[in-house]
Amino acid sequence: MADDLSQTVGTFVSDNSATTAADRFEAEAVPHLNDIFRTATRILGDRARAEDVAQEVYLQAWKSFHRFEPGTNCRAWLFKILFHCVNHHRRKWFRFPLLKETEEFVEANLTYAEPIPEHLTDEDILAALDRIPADFRAVILMVDVEEFAYKDAAEILSIPIGTIMSRLSRGRKLLREQLEEVAQSYGIGRAAERGQ
Amino acid sequence: MNDNNNRLKSAVDSVTVPPFLEARIRSQIQAVQQPRPWFLRVANLKLASVGLVAVLCAGTALAYHEGHLRLTKASKTSYVWSVSNRLVSLMGAALGDHINCSVFRKYPKDAPPLAVLEQKLPAEYRELIPIVQSQVPSDYRLLISHQCRWNGRRFIHLSLENDSHVLSVVITVRKDGESFEAEGLLPALVQADIPMYQAGVQRFVITAFETPGYLVYFVSDLPQSENTRIMQAMAPGMQSLLNKLGA
């Protein structure tokens with residue numbers, strides 16, 4: 001893969017520095033394509049748009065790769081570009097209701113989290129995730145799925161770290177509620193037991 | 001929460017990535033050359049600007065040195081002196097007159113009628129015109145024929161131009177004791193028993209000879225050999241005329 005990109009870019013850029021940049025881009029950026037695409041899919045809820053956005057992310061990344069500092073977190077940099085593109089497309093495609101943040105609302109993150117019922121499928125979980133508001137979903141994806149630190153997630157999403165924490169807490173709670181509803185519909189979980 | 005995170009992560013990772021996506025991204029990147037870092041672009045711009053300014057400065061300095069940007073009378077006079085003083089005085093006098101009249105003065109590009117040109121010369125020198133015109137290439141136009149004065153010395157002056165070059169025939173009365181040899185010059189060649197003297201400075205070249213009563217110069221910005229060839233062709237006719245005139 002590295003050779004492929006080096007060769008293709010090398011046909012357009014003949015100097016050594018450009019070939020080196022192509023090699024570095026191949027080694028540092030391209031391996032994160034799957035994560036970028038999957039996150040884009042979850043954020044946008046549409047594979048076709050996610051493909052477009054993923055392509056745009058990599059194009060933007062390539063164009064500005066000379067500004068990327070070697071040794072820093074390329075993955076976080078790509079996700080930051082992703083959310084920049086998503087926000088751009090969001091304005092174009094959607095009218096997502098913006099959340100009113102109450103910064104003082106920071107639930108304790110250590111509250112007991114009920115396990116996701118085992119009988120739920122990946123599709124059920126993704127459907128529940130897709131039903132929570134996009135801003136909460138973005139934070140859950142960054143922190144719980146991609147395992148970025150709060151500080152990195154705050155940088156990627158361009159929001160304060162306090163907002164990350166509050167959205168994460170509320171997002172998890174909303175996700176649990178969604179999963180409980182799904183579980184209840186299958187006749188499993190606490191809610192189902194209480195109802196019967 | 002870790003178990004839940006793992007389930008969530010596993011669910012998100014279950015989404016398949018289109019196999020063509022990577023290829024499509026490569027194809028897009030192929031079409032876009034990565035821009036050079038800003039500092040290289042700025043450095044290139046700065047270098048180009050510095051280079052341009054240097055070329056302009058050098059061009060301006062050269063043009064000034066060659067006399068093209070001498071715009072005021074004082075600066076023109078200064079230039080004539082700076083150039084003519086680099087030659088022996090008899091050669092410098094003729095060059096000074098050539099630059100002063102033919103280079104710096106703005107004459108109409110269209111040649112005046114021959115009758116007008118003849119009227120501006122004393123009658124005894126009017127025969128110079130056909131002698132000169134018959135020997136210079138036909139694309140040269142006779143623009144000046146007059147008497148003039150430079151540095152206290154009087155000259156008969158004919159000046160011709162084409163689109164590239166300016167030529168002058170300059171004649172002055174020889175004063176007592178004046179000769180090119182007395183100024184340390186040796187003849188570069190002898191044509192029809194006429195010793196020819198040469199000099200040059202900057203783009204100007206001079207070929208000269210003397211008669212008992214006159215000093216005769218052909219000044220131009222032609223190559224020295226071409227300048228001398230024309231003077232050799234004109235010299236016998238001019239010598240004959242000037243010898244008739246005496247001093």
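Only this structure's heavy atoms are used, side chains among them; waters, hydrogens and symmetry mates stay out. Sequence lines set the chain letters: A, B, ... in the order given, protein chains first and strands last, and positions in each chain run from 1.
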Just wondering, do [Y] and [X] contact through their side chains at under 4.5 Å, heavy atoms?
| X | Y | answer |
| --- | --- | --- |
| A:Arg47 | B:Pro18 | yes |
| A:Arg42 | B:Val15 | yes |
| B:Phe20 | A:Glu51 | yes |
| B:Val12 | A:Leu129 | yes |
| B:Ser14 | A:Leu126 | yes |

Rounded distance (nearest 0.5 Å) linking atom [atom1] of [X] with atom [atom2] of [Y]:
| X | Y | atom1 | atom2 | answer |
| --- | --- | --- | --- | --- |
| A:Phe37 | B:Ile25 | CZ | CD1 | 10.0 Å |
| B:Arg7 | A:Leu179 | CZ | CG | 9.0 Å |
| B:Leu21 | A:Gln55 | CG | CD | 5.5 Å |
| A:Tyr58 | B:Arg26 | OH | CZ | 10.5 Å |
| A:Asp144 | B:Leu8 | CG | CG | 6.5 Å |

- Message: Counting only non-hydrogen atoms closer than 4.5 Å, does B:Ser27 touch chain A with its backbone (N, CA, C, O), its side chain (CB onward), both, or neither?
- Response: neither

- Who passes side chain to side chain contact (heavy atoms under 4.5 Å, CB included) against B:Ala111, sequence neighbours left out? B:Arg141, B:Leu143

- Query: Of all residues at least two apart in sequence or in a different chain, which pass the side chain to side chain contact (heavy atoms under 4.5 Å, CB included) check with A:Asp124?
  - Reply: A:Leu120, A:Thr121, A:Val182, A:Tyr186

- What part of A:Glu147 lies closer than 4.5 angstrom to a heavy atom of chain B: side chain, backbone, both or neither? side chain

- Item | Salt-bridge criterion met for B:Lys9 and A:Glu146 (N-O under 4.0 Å) | no

